[in-house]
Amino acid sequence: MLKPFYLLLVCFIITADAQESLRKYADSLGLNIGVAIRESYITGTGSSATTHNNIVKTEFNTVVCENAMKSQNLAYSKTTYNFSTADNVVDFAIANKMKIRGHTLVWYRQNAQWLISGDREMLLANMKYHIEKVMGHYRGKIYQWDVVNEPFDEAGSGKFRTDNNPWQTVIGEDYIDSAFVYAHAADPGCKLYINEFGTTFPGPKSEALYDKVKEMLDNGIPVHGVGFQCHEGAVEDTVAAGLYAGIKYNFNRFAELGLDLAVTELDIQSSDPKAQADNYRVYLQVALSFPQCRTFVIWGVSDKDSWRSSGTPLIYDGNFKPKPAYDALLAVLKDPTPVVLVDRRARRLTKAGYLVYDRANNTVRVNDPSSNGPAIMEMFDLRGARIAKVTLRANNPLPLSSMKTAPGTALIRVKDEVVRIARDK
Ligand code: XIL
């Protein structure tokens, strides 16, 4: 018979062990799983503040200030910077052993008026001053900064943004290069990001971003990473939409330039919790498939505080209750099953066939009644390394048992599902 003390101890150990969190599994995968902080909660005393702060430190290992590091909220005048709100978040993060992303130094919105007033020489001088001041204040504490935010046109044309953007209209396109040069000098150890929305998938805006970062690299401008904001809406059927392949194809081009990637502001609008969960799952699976993508940030905790709250885009509801999207992320982190992707040419999705996993025989085969044409299948492990590349034919199932674990990787498994694929003609 166990004495009460030991019984208590056993109960405690069981409960402690049962404590699951996104953070726990992300830590073990080396993933910076982050969240944008509603700053007022950090020093708040109400029950929402307490719940918010508990979720942040339990579930995430990385934070971003939703607004406090924007120049409007820091740089009241050139001589009166006030870091106190942002410092509270930074102190909270350090106390809870979390990483801090910096957001953002040069943007067309939420600016201190003095910063964007003047001629070209003045704006360049102000920009340099501001970057040195802010990055200097946080030197060594912030592991990556969004140096330039949203430089491209809202409509997605691929042109540089001129609307309301004095950086572009007064200085010209080279403001972007200058910002990165100043930022690198201000904190040489920090990873410097260009951050954009509407660039999750291939398209004119994404092409323009690609061309710009390629040009920067060719010219020796110190850009280290591309941030994909990923403010999206849920697609109904992620398989039919080729969601995984589309994002993977697009991210991959940037990775091949030698840049790091980050999902920086993810939120996915939907009124259907199941579809939303499935979309969150896919974004995380894509991120995990890239060794270059070690940062995955969700733009807020609770739907009620979201900047797009009417679209209920976050993983906690208005009462801070985890939604199916939370469960989906947890499931991926616990069991990061490699995702199957066939051929990188996701643009050919109209020519797609389907890949079917046959659980009984542990085989995969192409299911495409219109053709026996071969498909090149690539399998990636959870860190993005390619484990296998094989040619599949419709009438020729591939036994998965023939695929051995690569050294240091998990065994390949394919979930019982149909994955949309791109296929050679
Ligand atoms: C948003 C904040 O969430 C809002 O609270 C604020 O009113 C406006 O800015 N892209 C960005 C973020 O880079 O800084 C924006 O954050 C959302 C879109």
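Start at 1 and go down the list; that is how both ligands and their atoms are numbered. Nothing here was measured: the structure is a model prediction, and the numbers come from that model.
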request  = Can you pull out the closest protein heavy atom to atom 15 (C) of ligand 1? Residue, atom name and distance to 0.1 Å, please.
outcome  = Lys70 NZ, 3.9 Å
key: Residue pair Asn61 / Asp27, side-chain donor-acceptor N/O under 3.5 Å   = yes
Phe197 and His231 aromatic centres sub-6.0 Å = no
task = Using only heavy-atom distances, determine whether the side chains of Asp187 and Tyr138 contain a donor-acceptor pair under 3.5 Å.
result = no
message = Tell me whether Trp107 has any N or O atom under 3.5 angstrom from an N or O of ligand 1.
response = no
ask   = Do any nitrogen or oxygen atoms of Asn195 lie less than 3.5 angstrom from nitrogen or oxygen atoms of ligand 1?
value = no
ask   = Which protein non-hydrogen atom lies closest to atom 8 (C) of ligand 1, naming both residue and atom, and how far is it?
value = Gln110 OE1, 3.4 Å
message = When you compare the side chain of Ile315 with that of Pro322, does any pair of heavy atoms fall below 4.5 Å?
response = no
inquiry  = Under a 3.5 Å threshold, yes or no: a donor from one side chain and an acceptor from the other, between Tyr81 and His130?
reply    = yes
request  = Write out the residue and atom name of the closest protein heavy atom to atom 11 (C) of ligand 1, then the distance separating them to 0.1 Å.
outcome  = Glu265 OE1, 3.0 Å
key: Atoms of ligand 1 close to Glu150 [distance to a heavy atom under 4.0 angstrom, numbered from 1]   = 10 (N), 11 (C), 13 (O), 18 (C)
request  = May I ask you to identify the nearest protein heavy atom to atom 6 (C) of ligand 1, giving residue, atom name and distance to one decimal place in Å?
outcome  = Asn67 OD1, 3.4 Å
Between Asn73 and Lys70, a side-chain donor and acceptor under 3.5 Å = no
query = Is there any N or O on Trp299 that sits under 3.5 Å from an N or O of ligand 1?
reply = yes
request  = Compare all side-chain heavy atoms of Phe201 with those of Leu243 and state whether any distance is below 4.5 angstrom.
outcome  = yes
ask   = Which ligand 1 atoms, with their elements, are less than 4.0 angstrom from a heavy-atom of Gln229?
value = 10 (N), 11 (C), 13 (O), 18 (C)
inquiry  = Just checking Phe228 against Phe254, ring centres under 6.0 Å apart?
reply    = yes
inquiry  = Tell me if a side-chain donor or acceptor on Asp317 pairs with a main-chain N or O of Asn319 at a distance below 3.5 Å.
reply    = yes
ask   = So which protein heavy atom does atom 3 (O) of ligand 1 come closest to, and at what separation?
value = Glu66 OE2, 2.5 Å
Under-4.0 Å heavy-atom contact with ligand 1, by part of Phe197 that carries it = neither
message = When you compare ligand 1 with Arg109, is there at least one nitrogen or oxygen pair between them that comes in under 3.5 angstrom?
response = no
note = Under 4.0 Å between heavy atoms, the region of Asn149 that gets near ligand 1 turns out to be side chain
request  = May I ask which of Arg308, His231, His103 has a heavy atom nearer to atom 14 (O) of ligand 1 than the others do?
outcome  = His103
